[in-house]
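This report refers to the structure that appears directly beneath it.
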Amino acid sequence: MEPTAIQAMNQPANPYPEPAADRVRIVSTPGTCGGRPRIAGHRITVEDVAIWHERMAMSPDEIVSTHPSLTLWEVHAALAYYFENRERIDADIREGEQLVEEIKAKASPSLLQEKLLQRKANAEDDTVPPR
């Protein structure tokens, strides 16, 4: 069902271009994964695949092995979309990293972190005695 003109006007603008017809496996749905491009039928975003491939040096085959619900074709479609929109997706990745750092900076240490710091402060000698 096509959205009405009023519904279309109320939708936020999608900063991502619609994928080409041969890349219909990549979709952007408002309200799902923050509207970020993702593999159709999955909650795995193009960002996820890009990070696994670019930063974790995972090959497409390794990504499929780790996430068996994905096909090799879907991983390649996500990578193709990433390389076509690299600047925008990399900016989104950096934005997410900055948000995590801000949250970490504002958060107080967890109970476990406090206990570890206490243990470290109370330890006379952290070395293992020789045998």
Side-chain angles (χ1 to χ4, degrees):
M1 179 164 85
E2 283 293 311
T4 66
I6 293 174
Q7 289 171 327
M9 287 174 35
N10 290 332
Q11 293 293 327
N14 187 349
Y16 300 99
E18 288 299 313
D22 65 335
R23 303 242 170 80
V24 294
R25 289 273 186 208
I26 306 303
V27 296
S28 295
T29 310
T32 304
C33 297
R36 295 186 317 272
R38 64 183 174 83
I39 298 172
H42 301 275
R43 295 185 63 86
I44 295 175
T45 64
V46 172
E47 281 180 33
D48 295 331
V49 175
I51 289 169
W52 297 330
H53 183 67
E54 294 291 298
R55 295 189 182 179
M56 298 175 69
M58 292 176 74
S59 70
D61 288 328
E62 290 171 319
I63 294 170
V64 171
S65 293
T66 306
H67 302 277
S69 65
L70 295 177
T71 66
L72 192 55
W73 193 87
E74 289 169 325
V75 171
H76 281 288
L79 288 171
Y81 188 92
Y82 167 67
F83 288 120
E84 289 175 359
N85 301 280
R86 187 177 204 150
E87 195 172 296
R88 174 71 181 150
I89 293 171
D90 283 346
D92 288 345
I93 292 170
R94 284 190 301 276
E95 185 179 303
E97 290 170 342
Q98 288 173 346
L99 178 63
V100 167
E101 291 306 315
E102 288 172 15
I103 291 170
K104 282 182 179 178
K106 291 178 184 176
S108 57
S110 70
L111 185 58
L112 175 61
Q113 289 171 322
E114 287 177 5
K115 286 185 178 186
L116 289 173
L117 288 172
Q118 245 179 357
R119 179 179 282 179
K120 189 174 184 179
N122 293 336
E124 290 179 28
D125 187 9
D126 244 1
T127 60
V128 176
R131 291 183 176 223

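- Val49 has its side chain out of reach of Thr45: every pair of non-hydrogen atoms, C-beta onward, lies at least 4.5 Å apart.
- Annotation for Pro60 and Leu79: closest pair CG-CD1, 3.9 Å, computed over non-hydrogen atoms.
- Between Trp52 and His67, the two ring planes are parallel [angle under 30°; tilted spans 30° to 60°].
- With values rounded to the nearest 0.5 angstrom, Glu47 atom CD is found 11.5 Å from Asn85 atom CG.
- With respect to Glu74, the side-chain contact (heavy atoms from CB on, under 4.5 Å) criterion is satisfied by exactly one of Ile63, Ile39, Ile44: Ile39.
- Using modelled atom types, one finds no donor on one side chain facing an acceptor on the other under 3.5 Å when comparing Arg25 with Thr71.
- In the hydrophobic cluster analysis, where Ile, Leu, Val, Met, Phe, Trp and Tyr join through side-chain heavy atoms closer than 4.5 angstrom, Met56 is grouped together with Phe83.
- Atom CG of Leu72 and atom CG of Asp61 lie 5.5 Å apart (nearest 0.5 Å).
- Ionic pairing of Glu54 and Arg86 is present here: one or more N-O contacts between side-chain nitrogen and carboxylate oxygen are shorter than 4.0 angstrom.
- When the side-chain hydrogen bond (donor to acceptor under 3.5 Å, both in side chains) test is applied to Glu87, no partner is found at least two apart in sequence or on another chain.
- For Ser28 against Gly35, the heavy-atom pair with the smallest separation is CB-O, 3.5 Å.
- Pairing each heavy atom of Arg43 with each of Asp48, the nearest pair is O-OD2, 4.1 Å.
- Annotation: side chain of Ile26 is not in contact with side chain of Arg38 (no heavy-atom distance under 4.5 Å).
- Heavy-atom minimum distance, Val64 versus Leu70: CG1-O, 3.5 Å.
- In the hydrophobic clustering of this structure, Leu111 does not group with Ile103; members are Ile, Leu, Val, Met, Phe, Trp, Tyr whose side-chain heavy atoms approach within less than 4.5 Å, directly or through other members.
- Within the 3.5 Å criterion, the main-chain N or O of Glu95 finds no donor-acceptor partner in the side chain of Gln98.
- Between the side chain of Thr29 and the backbone N or O of Thr32 there is no donor-acceptor pair closer than 3.5 Å.
- Atom CG in Asn122 sits 10.0 Å away from atom CZ in Arg119 (nearest 0.5 Å).
- Checked against salt bridge (Lys or Arg N to Asp or Glu O under 4.0 Å), Glu97 has the following partners two or more places apart in sequence or in another chain: Arg55.
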